[in-house]
Chemist: 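Before anything else, here's the structure in question.
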Amino acid sequence: MPQYDVIIIGAGPGGYVSAIRCAQLGLKTAVVEGRDTLGGTCLNVGCIPSKALLHATHLLHEAEHNFTNMGLKGKSPSVDWDQMKSYKDEVIGQNTGGIEFLFKKNKIDWIKGWATIPAAGKVQVGDEVHEAKNIVIASGSVPSSLPGVEVDNDAGLVVDSTGALSLPKVPKKMVVIGAGVIGLELGSVYARLGSEVTVVEYMDAVCPGMDKDVQRNFKRVLEKQGLNFIMGAAVQGVDTTKTKAKVKYQPKKGGDEAVLDADVVLVATGRKPFADGLGLDALGVKMTERGQIATDAHWATNVPGIYAIGDVIEGPMLAHKAEDEGMAVAEVIAGKHGHVNYGVIPGVVYTAPEVATVGQTEDALKAEGRKVKVGKFMFMGNARAKAVGQAEGGFVKIIADAETDRILGAAIIGPAAGDMIHELCVAMEFGASAEDIALTCHAHPTYSEAVREAALACGDGPIHS
Ligand code: NAI
């Protein structure tokens with residue numbers, strides 16, 4: 001008899017959530033993790049630490065820019081960068097420690113080290129071989145760089161998202177390559193800390209693939225907060241001396257190469273699946289052209305007994321997508337019916353204002369030839385947003401089928417957008433119409449009233465605009 005029903009490789013949000021669900025379903029479960037702490041990229045060097053820094057610097061920004069107007073006078077706080085990093089580390093510790101507690105509570109074994117899979121049903125860690133009926137690969141992703149750009153997080157000059165969370169000091173000039181989620185979140189952090197931040201982006205809009213209205217407003221708001229953008233520019237390479245960097249870029253439309261000086265360069269040009277060292281080649285595990293592990297609708301690879309979830313397979317590289325797959329694959333392994341609705345996975349950018357989206361965009365639907373109606377409501381008409389000085393530039397947009405009124409997608413830019421989007425996610429899960437939201441009583445005064453107003457805008461019209 002194998003020792004385990006399931007061995008999961010990787011303790012990020014995909015792996016650890018899957019392990020807990022497996023244990024809850026009565027499966028004897030172990031997780032292999034090589035980091036010193038559980039939680040993967042998200043808890044150690046991703047979602048959680050960046051949110052700690054975003055929160056602290058947001059408060060600084062509020063104090064510097066919005067306090068006086070509200071009658072809060074006096075000296076703005078000064079930045080103790082080392083203390084801010086300690087705060088961030090404390091937050092990481094609380095969260096990773098929490099997962100360790102949950103493992104003990106659920107009797108999940110943590111096998112410390114890096115795994116290889118010598119054969120189906122076997123996981124080797126160091127000299128020990130562990131046996132399991134099922135293996136779930138949840139090994140995540142790593143930052144991907146560009147040709148001609150060498151990342152060295154220890155040197156702290158050309159860094160990726162991991163290095164940017166622990167810079168020795170706040171740089172005077174920072175160049176961010178890529179106006180995606182990471183570039184804008186971490187670019188915001190340093191702009192608020194006083195760095196001169198320039199974002200160089202290949203596309204003509206920030207956050208490629210996002211609703212066009214949101215992209216435009218989002219960029220405008222960030223520019224107002226001091227971020228500079230060079231759009232439609234392809235970074236060709238970065239030259240470095242010991243303490244300075246030069247970022248070379250070329251306009252996409254053609255023209256001369258230009259150079260930007262920087263004290264720190266943040267490379268935020270995407271992430272790639274991480275399955276190195278697992279021995280998948282020798283096992284004959286099928287991969288996609290993009291280097292992801294190929295899986296079927298039940299997260300099974302082509303090798304019986306081996307499953308894969310999260311960033312290492314197809315789909316958006318988001319912690320919550322990995323979590324959902326982690327729970328679903330546990331259900332499948334336990335003989336139940338695991339399910340993930342890929343049509344309703346929210347995406348959130350945790351800047352201020354936050355940006356949140358779900359479902360399809362207006363443009364994508366129109367390109368498909370779908371007849372849609374769009375209800376949009378500006379936060380300028382929302383009393384609560386005005387009361388806290390967060391009304392400018394934000395809106396809620398709902399896209400519904402022109403005939404059936406069924407909600408097909410939504411986008412929010414504004415305060416607490418990342419929390420508010422879930423009203424729309426639940427509505428979409430239930431196949432709700434915009435009218436269903438419009439007919440639901442919303443407490444006053446809340447930001448969520450803007451969601452109802454956008455739903456009303458899909459029908460006879462909003463009240464407050
Ligand atoms: P991304 O794919 O979101 O954005 C990368 C950007 O870099 C793109 O806009 C691309 O056009 C640009 N780019 C690529 N090559 C370039 C070049 N040579 N010159 C100029 N621009 C160039 O990748 P990002 O921001 O690194 O994030 C990686 C992954 O992590 C994403 O899948 C993201 O969803 C996920 N993530 C999610 C977060 C969240 O949900 N809040 C937070 C952080 C990361």
Side-chain angles (χ1 to χ4, degrees), residues 12-14 40-55 140-149 151 158-165 175-189 198-210 215 218-219 222 229-238 247-253 257-260 262 265-274 290-292 310-324 345-358 412-413 417-419 421:
T41 299
C42 173
L43 272 70
N44 288 284
V45 286
C47 326
I48 301 304
S50 61
K51 259 79 275 174
L53 295 181
L54 277 158
H55 176 66
S141 61
V142 288
S144 60
S145 188
L146 294 169
V149 182
V151 169
V158 182
V159 298
D160 58 26
S161 52
T162 301
L165 293 168
V175 171
V176 177
I177 310 176
V181 190
I182 292 181
L184 298 184
E185 286 187 354
L186 290 174
S188 281
V189 164
T198 304
V199 184
V200 188
E201 166 58 48
Y202 179 74
M203 306 297 279
D204 298 316
V206 300
C207 292
M210 205 181 253
Q215 287 177 328
F218 192 21
K219 180 164 169 272
L222 292 172
F229 287 92
I230 298 174
M231 306 302 289
V235 169
Q236 309 289 314
V238 177
V247 178
K248 299 174 290 185
Y249 68 91
Q250 191 140 35
K252 209 167 51 175
K253 290 185 188 132
E257 189 175 90
V259 174
L260 285 169
V265 179
L266 165 59
V267 185
T269 48
R271 299 178 61 87
K272 57 182 181 193
F274 176 72
R290 302 178 62 193
Q292 302 143 327
D311 283 10
V312 79
I313 69 168
E314 221 181 319
M317 288 184 167
L318 295 169
H320 43 281
K321 175 259 194 188
E323 288 182 32
D324 280 22
I345 294 180
V348 180
V349 192
Y350 297 88
T351 43
E354 289 182 351
V355 175
T357 57
V358 65
I412 308 176
I413 173 166
D419 286 290
I421 196 72

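The structure presented is a predicted model; accordingly, all values stated were derived computationally and were not measured. FYI, side chains are in, hydrogens and waters are out, and symmetry mates aren't considered; it's all heavy atoms of this structure. Whatever order the structure lists ligands and atoms in, that order sets their numbers, starting from 1.
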Chemist: Determine, considering heavy atoms only, which of E201, K51, R271 sits nearest to atom 8 (C) of ligand 1.
Modeler: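 Among E201, K51, R271, the closest heavy atom to atom 8 (C) of ligand 1 comes from E201.
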Chemist: So do S161 and V45 actually touch side chain to side chain, heavy atoms under 4.5 Å?
Modeler: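 Not touching, per the 4.5 Å side-chain cut-off.
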Chemist: Heavy-atom distances under 4.0 Å decide this one: backbone, side chain, both or neither, for E185 against ligand 1?
Modeler: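 The side chain, only.
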Chemist: Using a 4.0 Å cut-off to any heavy atom of P208, which atoms of ligand 1 qualify?
Modeler: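 Numbered from 1, ligand 1 contributes 8 (C), 9 (O).
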Chemist: For A233, which part has a heavy atom under 4.0 Å from ligand 1: side chain, backbone, both, or neither?
Modeler: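 A233 to ligand 1: backbone contact only, side chain stays beyond 4.0 Å.
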Chemist: Might you point out which heavy atoms bring S50 and C47 nearest each other, and give the distance in Å?
Modeler: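 Where S50 meets C47 most closely, the heavy atoms are OG-O, 3.0 Å.
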Chemist: Rounded at 0.5 Å granularity, tell me how far CD in E354 sits from CG in D419.
Modeler: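 Rounded to the nearest 0.5 Å, the CD-CG separation comes out at 6.5 Å.
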Chemist: Among all protein heavy atoms in this structure, tell me which lies nearest to atom 26 (O) of ligand 1, with the distance rounded to 0.1 Å.
Modeler: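 Ranking protein heavy atoms by distance from atom 26 (O) of ligand 1, first comes G270 N, 2.9 Å.
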Chemist: Considering the heavy atoms of A234, write down every atom of ligand 1 situated less than 4.0 Å from one of them.
Modeler: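 It comes down to these atoms of ligand 1: 19 (N).
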Chemist: Show the atoms of ligand 1 that are less than 4.0 angstrom away from any heavy atom in M203.
Modeler: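 Reading through ligand 1 atom by atom, the close ones are 11 (O).
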Chemist: Using a 6.0 Å cut-off, check whether atom NE2 of H320 has over 12 heavy atoms from anything other than its own residue.
Modeler: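 Count over threshold, so yes.
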Chemist: Heavy-atom contacts under 4.0 Å between Y249 and ligand 1: side chain, backbone, both, or neither?
Modeler: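 Y249 to ligand 1: no contact under 4.0 Å from either part.
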Chemist: For atom 42 (C) of ligand 1, which protein heavy atom lies nearest, and how many Å away is it?
Modeler: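 Going atom by atom, the protein heavy atom closest to atom 42 (C) of ligand 1 ends up being V181 CG1, 3.4 Å.
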Chemist: Are any of the side-chain heavy atoms of I48 and K51 separated by less than 4.5 Å?
Modeler: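 Sidechains of K51 and I48: no contact.
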Chemist: Out of V176, L184, T269, who gets a non-hydrogen atom closest to atom 13 (N) of ligand 1?
Modeler: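 Looking at heavy atoms only, T269 sits closest to atom 13 (N) of ligand 1.
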Chemist: Please list the nearest protein heavy atom to atom 32 (O) of ligand 1 with its residue and the distance rounded to 0.1 Å.
Modeler: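 The closest one turns out to be M317 CB, 3.5 Å.
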Chemist: Between P208 and E201, which heavy-atom pair has the shortest distance, and what is it?
Modeler: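 Scanning both residues completely, I find the closest heavy atoms to be CG-OE2, 4.4 Å.
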Chemist: Do E185 and L53 touch side chain to side chain, with heavy atoms closer than 4.5 Å?
Modeler: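 No, every pair of side-chain atoms sits at 4.5 Å or beyond.
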Chemist: Mind checking the CG-OH spacing from L146 to Y202? Nearest 0.5 Å is all I need.
Modeler: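 Result: 12.0 Å between the selected atoms.
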Chemist: Need the ligand 1 atom indices (1-based, order shown) with element for anything under 4.0 Å from a heavy-atom of V200.
Modeler: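 Heavy-atom distances to V200 below 4.0 Å select 20 (C), 21 (N).
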Chemist: Counting only heavy atoms not in E257, do more than 12 fall under 6.0 Å of its CD?
Modeler: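 It does: E257 CD has more than 12 such atoms within range.
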Chemist: With heavy-atom distances below 4.0 Å as the criterion, list the atoms of ligand 1 near G178.
Modeler: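 Numbered from 1, ligand 1 contributes 6 (C), 7 (O), 12 (C).
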Chemist: Considering only heavy atoms from C-beta outward, does the side chain of I313 approach that of K321 to under 4.5 Å?
Modeler: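 I313 vs K321: side chains touch.
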Chemist: How far is atom 44 (C) of ligand 1 from its nearest protein heavy atom, and which residue and atom name does that atom have?
Modeler: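 Ranking protein heavy atoms by distance from atom 44 (C) of ligand 1, first comes I182 CG1, 3.2 Å.
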Chemist: If you have a sec, work out which protein heavy atom is nearest atom 19 (N) of ligand 1 and how many Å separate them, to one decimal?
Modeler: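 Of the protein heavy atoms, V235 N, 3.0 Å lies nearest.
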Chemist: Tell me if the NZ atom of K248 is crowded by more than 12 foreign heavy atoms within 6.0 Å.
Modeler: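 Counting neighbours around NZ of K248, more than 12 heavy atoms of other residues, nucleotides or ligands fall under 6.0 Å, so yes.
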Chemist: What is the nearest protein non-hydrogen atom to atom 4 (O) of ligand 1, stated with its residue, atom name and distance?
Modeler: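 Looking at atom 4 (O) of ligand 1, the protein heavy atom closest to it is G180 CA, 3.3 Å.
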Chemist: In terms of residue, atom name and distance, what is the protein heavy atom nearest to atom 41 (N) of ligand 1?
Modeler: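 Answer for atom 41 (N) of ligand 1: V348 O, 2.8 Å.
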Chemist: Considering only the protein, which heavy-atom contact is closest to atom 5 (C) of ligand 1, and what is its distance?
Modeler: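 Of every protein heavy atom, A268 O, 3.3 Å lies nearest to atom 5 (C) of ligand 1.
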Chemist: Applying a heavy-atom cut-off of 4.0 Å, say which part of V206 lies close to ligand 1: side chain, backbone, both or neither.
Modeler: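 Within the 4.0 Å criterion, V206 makes no contact with ligand 1.
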Chemist: Could you tell me which atoms of ligand 1, counted from 1 in the order shown, lie closer than 4.0 angstrom to a heavy atom of Y350?
Modeler: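 With Y350 as reference, the close atoms of ligand 1 come out as 41 (N).
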Chemist: For residues R271 and P143, determine if any side-chain heavy atom of one lies less than 4.5 Å from a side-chain heavy atom of the other.
Modeler: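 They are in contact (side-chain heavy atoms under 4.5 Å apart), so the answer is yes.
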